[in-house]
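Just below is one structure, and these are the notes that go with it.
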2 protein chains.
Amino acid sequence: MTAIEDPGPLRPVTLADIAREAGTSASTASRALSGRGYVSDSVRDRLLAVADRLGYVPNASAQTLKQRTSRVVGVVVSALDNQFYAGLAAGVEQVLREANYQMVLLGDNSDAAEELAGVRTFVAMRTPGVIMTPVGAEASRLLLSHGAAVVEVDRRLSSAPCDAVVIDNERGGREATMHLIGLGHRRIALLGVATEWTTDAGRLKGYRTALRNARIPFDKRLVVRIPVRAPDTEARIEALLDTAAPTAVFAANNALAEQAWRVLRRRGLRIPGDVSLVGFDDVPWMEMVEPQITVVDQPTIELGRSAARLLLRRLHGGPSLAPEVDVLQPRLLVRGSTGAPPG
Amino acid sequence: MTAIEDPGPLRPVTLADIAREAGTSASTASRALSGRGYVSDSVRDRLLAVADRLGYVPNASAQTLKQRTSRVVGVVVSALDNQFYAGLAAGVEQVLREANYQMVLLGDNSDAAEELAGVRTFVAMRTPGVIMTPVGAEASRLLLSHGAAVVEVDRRLSSAPCDAVVIDNERGGREATMHLIGLGHRRIALLGVATEWTTDAGRLKGYRTALRNARIPFDKRLVVRIPVRAPDTEARIEALLDTAAPTAVFAANNALAEQAWRVLRRRGLRIPGDVSLVGFDDVPWMEMVEPQITVVDQPTIELGRSAARLLLRRLHGGPSLAPEVDVLQPRLLVRGSTGAPPG
DNA sequence: GGCCGGTGTGGTTACGTTCCCACAAGCTCG
DNA sequence: CGAGCTTGTGGGAACGTAACCACACCGGCC
């Protein structure tokens, strides 16, 4: 063994390097840099200086391995490119950052298999908790069985009890429908998603409640539920217009509202002259188009922030805490896309 | 020591558990489950069955610690909620997923300090590579000095040579400006970002080239460069309209195009009757508003995909590979927001 | 018949960190 | 004046995995 060593940046600098350079033991270096345990001020300063000089960055894997938990939380949303989920993730990140946690963001394209694969890597990472917009039941089961905390956001799905933050979808659906009824509509179409998600179920329920209160019979031909990412979404909307002749369309999410808007425009139908349109979840284009779109606005960012807060509370409180479900309130923004029915 | 052990799911199952249960050594179990090295078929099957039954998930921290590298790559973009960056991230994820890599996504709000903090945790994770839309020079320096591969995407910044994928901003800027000149405009405003980013520099350069070719003198009052996330962006655009009286506005990114559009509309200015508008980077609202917005379209998803491919190539090829810079071509989409100048 | 190469397995070590324990000095206080 | 505390430090054992090495067996081949 010669004294020749590779001086290059290839070998990362470790705690042992710092300790040797500062003339202490690795234990002391660890205490100084992690801030846990006794270290005299002079020794601490010396160690910090050396660490800074050598550009020391702790090895997160070693830390996680030793501490059996990490400071990254997983976030899995349905679609990275949907404004709603983007806003949700942004809210989560804000709160997590303040609490000095890291966010790992994953998209699952609303596919249960992709979701499960993503969640599996979170388990592999020994992530202490995961925030998700659930699509399949298996994912949260897997997480829970491995001792990870789960917060469901936007929709609820888990059979096991866990924290969640949702909005009052039923109220949102009811208010949107009542608004249309108040304008004189009786043939109101509902455009929803063909899933078991609580979001759509709630909005549909609100829709039915509003109809019942107004003594308007429920017509199932007016309700179209379209599978996520269906290639023929627009054709289905066309078919709805052809067969059910609604005077108003209530689109239960921002993507469907956009598709409906495009179909209406392509057909040359006037909004709201021929057909009124109400969306759910306000996104920028809705107040840029003419007329502006009446919409049930939901507190997207706050949804993410609440979810993150719930997770942090759980991480500190442990599994004995009773599950908490926060319900946030949506708000109907009446704009120009809704008016009296034709005739 | 009694025989009583905690049977709960709290203690995660390890390779040693699998080995014990299957009656082999940990070495053999490792080989069977990782697929590297000799294992007889019968033993492998037995181990896989046991692993499946016990719900074994490998500890990623232990793996990265041992292997000194991980299969997650870091991605840091300026703004999670901007469609452009979202699309970019989506492209990156597509390619990474196929190659069985994991993406960790981070937003830095175009803030050099936040970027550096994020990058530091990537270093801590021993991430083999990072894809970023750079905002400060320190971040890539830190990564490179720790042996991580860096791919810059959308803009170039690093002083050190590294892989990058950008679009031909100069050409995009030139074509947009030429289009306006061809319609008869001579007072063309440029709305850009007050940074040293190559994106804006390129677009500005293309703008000037087009003017020079057309023998139109450059008027610096027509060029406004607004700091990222400036609270008074709209006021600055108003000021531009007041003092420079342009007949056309070329907004160098989608956010500025949106702001410009809002200001023009609020002022009651007709597009393109009073002022023409060209954007850079096509986003959905641009073809939903009336008139639709003429725009320099860039291959956003492909930008992300290329960046991911470049990173994978680098991870396999090592540091001796010559840096590669891919340049993708933008495309001018002429729509309704541009027309002849008034008068 | 000894040697070699392929096949299959287990023991051991190291990755970088944290944390428990031991220990030592300098106090105070009964 | 020694027991018990506080302050400070170092030794060493984990955490769970992968890789290196040793070894053992079996066939064929010179």
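Everything quoted here is computed from the prediction, not taken from an experiment. Here is the naming used below: chain letters follow the sequence lines, and residue numbers restart at 1 for every chain.
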Starting at atom [atom1] of [X], determine the distance to atom [atom2] of [N], rounded to an integer number of angstrom.
X	N	atom1	atom2	answer
A:Arg71	C:dT17	CZ	P	17 Å
B:Ile18	D:dT17	CD1	C1'	13 Å
B:Leu15	D:dA19	CG	P	12 Å
A:Arg126	D:dC15	CZ	P	13 Å

Using the test side chain to side chain contact (heavy atoms under 4.5 Å, CB included), find all partners of B:Ala90 that sit at least two apart in sequence or belong to another chain.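 Side chain to side chain contact (heavy atoms under 4.5 Å, CB included) check on B:Ala90 returns B:Ile301.
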Check nucleotides 23-26 of chain C against the protein and report each pair of N or O atoms closer than 3.5 Å, with its distance, or say if there are none.
none

With rounding to the nearest 0.5 angstrom, report the [atom1] to [atom2] distance, [X] to [Y].
X	Y	atom1	atom2	value
A:Glu138	A:Ser140	CD	OG	9.5 Å
A:Ser78	A:Arg155	OG	CZ	3.5 Å
B:Cys162	B:Leu157	SG	CG	9.0 Å

Mind checking whether [X] and [Y] have side chains closer than 4.5 Å, heavy atoms only?
X	Y	result
A:Met125	B:Val72	yes
B:Leu311	B:Tyr101	no
B:Asp108	B:Met132	no
A:Leu144	A:Ser158	yes

Of all the heavy-atom pairs spanning B:Arg156 and B:Glu152, show the shortest one and how long it is. CA-OE1, 3.2 Å
What's the shortest heavy-atom distance between A:Leu88 and A:Thr133, and which atoms?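 For A:Leu88 and A:Thr133, the tightest heavy-atom pair comes out as CD1-CG2, 4.3 Å.
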Take the C1' atoms of the five end pairs on each side of the helix from C:dG1-D:dC30 to C:dG30-D:dC1, derive the two axes, and give their angle rounded to 10 degrees. 60°
What residues from residues 25-45 of chain B pass a heavy-atom cutoff of under 4.0 Å to DNA chain C? B:Ser25, B:Ser27, B:Thr28, B:Arg31, B:Tyr38, B:Val39, B:Ser40, B:Val43
Got a sec? Which of residues 58-69 of chain B come in under 4.0 Å of DNA chain C, heavy atoms? B:Leu65, B:Lys66, B:Arg68
Ion pair check, A:Asp326 and A:Arg309, cut-off under 4.0 Å: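 Result for this pair is no, no salt bridge flagged.
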Any chance you could lay out the side-chain hydrogen bond (donor to acceptor under 3.5 Å, both in side chains) test for A:Arg31 and A:Thr24, step after step, and finish with the verdict? CA-CA 11 Å; A:Arg31 282 193 302 265; A:Thr24 74; over 6 Å; no
Listing, residues 35-44 of chain B side-chain donor-acceptor contacts under 3.5 Å, not counting sequence neighbours, or none:
| from | atom 1 | to | atom 2 | distance (Å) |
| --- | --- | --- | --- | --- |
| B:Ser40 | OG | B:Val43 | N | 3.4 |
| B:Arg44 | NH2 | B:Val39 | O | 3.3 |

